[in-house]
Protein chains: 2
Amino acid sequence: MYIRKIPLPLHCGLHLTREVLNGKWKPNLLFAIAEGIKRPSDIQKALPDATKRVLNLQLKELEEHGVVSKKVYHELPLRVEYSLTPLGESLMPIIDAMNCWGDAHRPFLERVIMQGESESVTAERKAACVYYLDKVGVE
Amino acid sequence: MYIRKIPLPLHCGLHLTREVLNGKWKPNLLFAIAEGIKRPSDIQKALPDATKRVLNLQLKELEEHGVVSKKVYHELPLRVEYSLTPLGESLMPIIDAMNCWGDAHRPFLERVIMQGESESVTAERKAACVYYLDKVGVE
DNA sequence: TCGGCGGGGGATAATTTAATCCCCGGGGGA
DNA sequence: TCCCCCGGGGATTAAATTATCCCCCGCCGA
């Protein structure tokens, strides 16, 4: 595990939560496990864009942070299952909300995230954003 | 703005949301702005652990992602105010939930994130922190 | 005997994010 | 005049996170 040089600001709940969820695949891992995908190989299949190396690392961190637990069944063949701890379960409303929010605003977010990768904001793009935001504001 | 080399996985709402909230101070910025702290200098005072440089950068990203808007009042003296867009407001339940969750589980999370004072890692950790603090000039 | 699957991890490079340093301009008070 | 506040940002370095590569073991079926 990486050893921090700069201490985290812990005085605020936001930073604590951020520390737990901070990992490219951690929200997805929690989501998958909550859905009942428990075995490492199944998790890897559910998240094909991530290498199993990274998934193992992030699962280990989630375990160290007490939100998932790992059970090794010493049968043959060996079986491993991850599951949410109660603490992890209490995190699911947030994960679900993040998932819904992203999906709900997908068209806008995709445009806006892509635009940063190409060039600075053009006037037209800004107009398009304002238009969309207006629409969202009505809801 | 930084130009990505590795494209983000956009097919999932979780990643979209993560992209918007991904920044050490972004949740805090949103929280502060939602609380009515709108002027840059006030925001900086509210988040003393962050340099204004970083805050400006992350505010700019939040703006580009359409969750905050920046208004410049061309008065004298010059006045600048940030505010949440409707899209940003729709994010607040998540921010609040993250804040509450972190606060609610603070005792446990602090222990677990610190990795326990009684572990063997502590020596290295402490060394790393001391190194940093020394560099910064804190006693 | 060989290949493949399931679970795992060390070592290192690359990428991404944050911190640091130090500058700009204008204005207002002493 | 000097100094400090305000809002801002370029350039660079450090830190933190991911990706990549390639290895380990045990077992099972062909």
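Chain letters run A, B, ... following the sequence lines, proteins first, then strands; residues in each count from 1. Just so it is clear, the model here is predicted, and its values are computed rather than measured.
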**Message:** For C:dA18 and B:Gln58 - does any side-chain N or O of the residue sit under 4.0 Å from the phosphate oxygens OP1/OP2?
**Reply:** yes
**Prompt:** Looking only at side-chain N and O atoms, does A:Lys26 come under 4.0 Å of OP1 or OP2 in D:dT17?
**Reply:** no
Rounded distance in Å - [atom1] ([X]) to [atom2] ([N]):
X       : N      : atom1 : atom2 : result
A:Leu8  : D:dA16 : CG    : P     : 9 Å
A:Leu78 : C:dG7  : CG    : P     : 7 Å
A:Glu75 : C:dC5  : CD    : P     : 21 Å
B:Glu19 : D:dT18 : CD    : C1'   : 15 Å
A:Leu29 : D:dT17 : CG    : C1'   : 15 Å
B:Arg79 : C:dG28 : CZ    : P     : 15 Å
B:Tyr2  : D:dA14 : OH    : P     : 18 Å
A:Lys38 : C:dG6  : NZ    : P     : 18 Å

**Message:** If we count only N and O atoms by modelled type, under 3.5 Å, do the side chains of B:Thr85 and B:Ser69 hold a donor and an acceptor together?
**Reply:**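 Result is no, nothing qualifies.
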**Item:** Flag side-chain contact, heavy atom, 4.5 Å: B:Leu21 against A:Leu21
**Value:** no
**Item:** Any B:Phe108 side-chain heavy atom under 4.5 Å of B:Ile113 side chain
**Value:** no
**Prompt:** Between B:Glu63, B:Glu81, B:Lys60, B:Lys38, which is the residue that forms a side chain to side chain contact (heavy atoms under 4.5 Å, CB included) with B:Lys70?
**Reply:** B:Glu63
**Prompt:** Using Watson-Crick and G-U wobble pairs whose two distances are both under 3.5 Å, how do you write the pairing of DNA chain C as dot-bracket, with | for links to another strand?
**Reply:** ||||||||||||||||||||||||.|||||
**Prompt:** Looking at B:Leu10 and A:Glu110, what are the two nearest heavy atoms and their distance?
**Reply:** O-OE2, 3.8 Å
**Item:** Closest non-hydrogen atom pair between A:Ala34 and A:Met92, with its separation
**Value:**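 Answer, listing the atom of A:Ala34 first, then A:Met92: CB-CE, 3.4 Å.
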Between [options], which one does the side chain of [X] approach most closely?
X       : options               : answer
A:Ser41 : C:dG6, C:dT17, C:dA18 : C:dG6
A:Asn56 : D:dA16, C:dA18, C:dG8 : C:dG8
A:Asn22 : D:dG8, D:dT17, D:dC6  : D:dT17

**Item:** Euclidean distance, A:Tyr82 OH relative to A:Leu62 CG, rounded to 0.5 Å
**Value:** 9.5 Å
**Prompt:** Under 4.0 Å between a Lys/Arg side-chain N and an Asp/Glu carboxylate O for A:Glu19 and B:Lys24?
**Reply:** no
**Prompt:** So, are B:Asp42 and B:Arg39 salt-bridged, with charged N and O less than 4.0 Å apart?
**Reply:** no
**Prompt:** Counting any heavy atom closer than 4.0 Å, what does B:Lys70 reach on the DNA or RNA strands: base, sugar-phosphate only, or nothing?
**Reply:**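 If one applies the 4.0 Å heavy-atom cut-off, B:Lys70 turns out to touch the sugar-phosphate alone, with no base involved.
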**Asked** NA contact type, B:Lys45, heavy-atom cut-off 4.0 Å: base, sugar-phosphate, or nothing?
**Response** sugar-phosphate
**Message:** Assess the residue pair A:Phe31 and A:Lys26 against the criterion (side chain to side chain contact (heavy atoms under 4.5 Å, CB included)); give the C-alpha distance rounded to whole Å, side-chain angles, the decisive distance to 0.1 Å, and a yes or no.
**Reply:** CA-CA 8 Å; A:Phe31 194 82; A:Lys26 284 185 189 172; over 6 Å; no
**Request:** For nucleotides 19-30 of chain D, just jot down a letter per nucleotide in 5' to 3' order: B, S or -, based on protein non-hydrogen atoms under 4.0 Å.
**Result:** SBB-----S---
